[in-house]
Amino acid sequence: CSVTDKQTQKLLKVPKGSIGQYIQDRSVGLSRIPSAKGKKNQIGLKILEQPHAVLFVDEKDVVEINEKFTELLLAITNCEERFSLFKNRNRLSKGLQIDVGCPVKVQLRSGEEKFPGVVRFRGPLLAERTVSGIFFGVELLDNPIGNWDGRFDGVQLCSFASVESTLLLHINDIIP
């Protein structure tokens with residue numbers, strides 16, 4: 001669907017798989033717009049990837065997800081990939097159980113080889129954000145194709161025995 005950015009007045013596309021946050025529209029004083037006779041209730045959503053975009057949609061067109069799933073999904077920037085993982089609730093639930101020290105398989109492209117690894121970091125990259133994606137630092141056991149030194153934006157998040165064997169990934173690239 002499309003929405004007008006309140007700040008720039010430009011029309012923005014909101015792809016399926018975008019994540020929104022339920023808001024209260026202060027100008028109206030409501031977060032739900034009362035329905036006209038025969039019409040559906042509408043709710044206000046702030047699209048997290050497009051901070052100035054506020055969208056009013058039918059309640060029936062929105063799926064509520066818990067905060068833990070949201071954190072895993074936010075790390076995936078491609079909305080199609082995010083929506084595909086969202087539909088696979090079993091894999092998403094297994095992703096919640098992955099923690100530091102867990103053995104995983106890394107698959108960088110669908111259909112390609114899966115490399116064994118161990119999770120050395122799990123968490124947000126920017127601690128000051130209220131809602132942030134969860135990323136995984138994975139040390140590969142048999143393949144030196146990594147390039148992550150445990151830093152993000154100048155902040156050391158963790159350290160590894162070998163930078164050449166470590167990757168920073170989101171949940172869609174690892175398999176428990």
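The shown structure was predicted, so the numbers you read here are calculated from the model rather than taken from an experiment.
- Within the 4.5 Å cutoff, side-chain heavy atoms of L108 are placed close to those of L167.
- F121 pairs in a ring pair (Phe, Tyr, Trp, His ring centres under 6.0 Å) with only one of the listed residues (F135, F136, W148), which is W148.
- Residue V138 is tested with I174, V118, I98 for a side chain to side chain contact (heavy atoms under 4.5 Å, CB included); the sole match is I174.
- The only member of I19, D173, L85 that meets side chain to side chain contact (heavy atoms under 4.5 Å, CB included) when paired with I76 is L85.
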Should I65 and L73 be marked as a side-chain contact (heavy atoms from CB on, under 4.5 Å) after you check the CA-CA gap, both sets of side-chain angles, and the distance that decides it?
-> CA-CA 10 Å; I65 58 176; L73 292 168; 3.9 Å; yes
With side-chain contact (heavy atoms from CB on, under 4.5 Å) as the test, would you mind laying out the steps for I134 and I171 before giving the verdict?
-> CA-CA 8 Å; I134 297 296; I171 189 64; over 6 Å; no
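- A heavy-atom distance below 4.5 Å is not found between the side chains of P15 and E80.
- Sorted by first and then second residue, the salt bridge (charged side-chain N to carboxylate O under 4.0 Å, His left out) pairs involving residues 135-161 (not counting sequence neighbours) are R120-E139, D149-R151.
- Without hydrogens or angle criteria, Q107 side chain to E112 main chain gives a donor-acceptor distance under 3.5 Å.
- In the hydrophobic clustering of ILVMFWY residues, with side-chain heavy atoms under 4.5 Å counting as a link, Y22 and I47 come out together.
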Take D99 and V119 through the test side-chain contact (heavy atoms from CB on, under 4.5 Å) and record every step on the way to the result.
-> CA-CA 7 Å; D99 209 347; V119 175; over 6 Å; no
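- In Q156, the CD atom is crowded: over 12 heavy atoms of neighbouring residues, nucleotides or ligands sit closer than 6.0 Å.
- Taking NE2 of H170 as the reference point, atom OG1 of T77 lies at 6.0 Å (rounded to 0.5 Å).
- Residues R82 and S18 come closest through the heavy atom pair NH1-CA, 3.8 Å.
- Rounding to the nearest 0.5 Å places CD1 of I43 at 5.5 Å from CD of E59.
- Between T166 and N147, the closest side-chain pair of non-hydrogen atoms is not below 4.5 Å.
- Hydrophobic cluster membership differs between L141 and I145, with clusters built from Ile, Leu, Val, Met, Phe, Trp and Tyr side chains linked at under 4.5 angstrom.
- One hydrophobic cluster, built from ILVMFWY side chains closer than 4.5 Å, holds both F86 and F69.
- Checked by atom type and distance alone, the side chain of R91 pairs as donor or acceptor with a backbone atom of N172 at under 3.5 Å.
- Inter-residue side-chain proximity for L92 and L72 is flagged as met; some heavy-atom pair is nearer than 4.5 Å.
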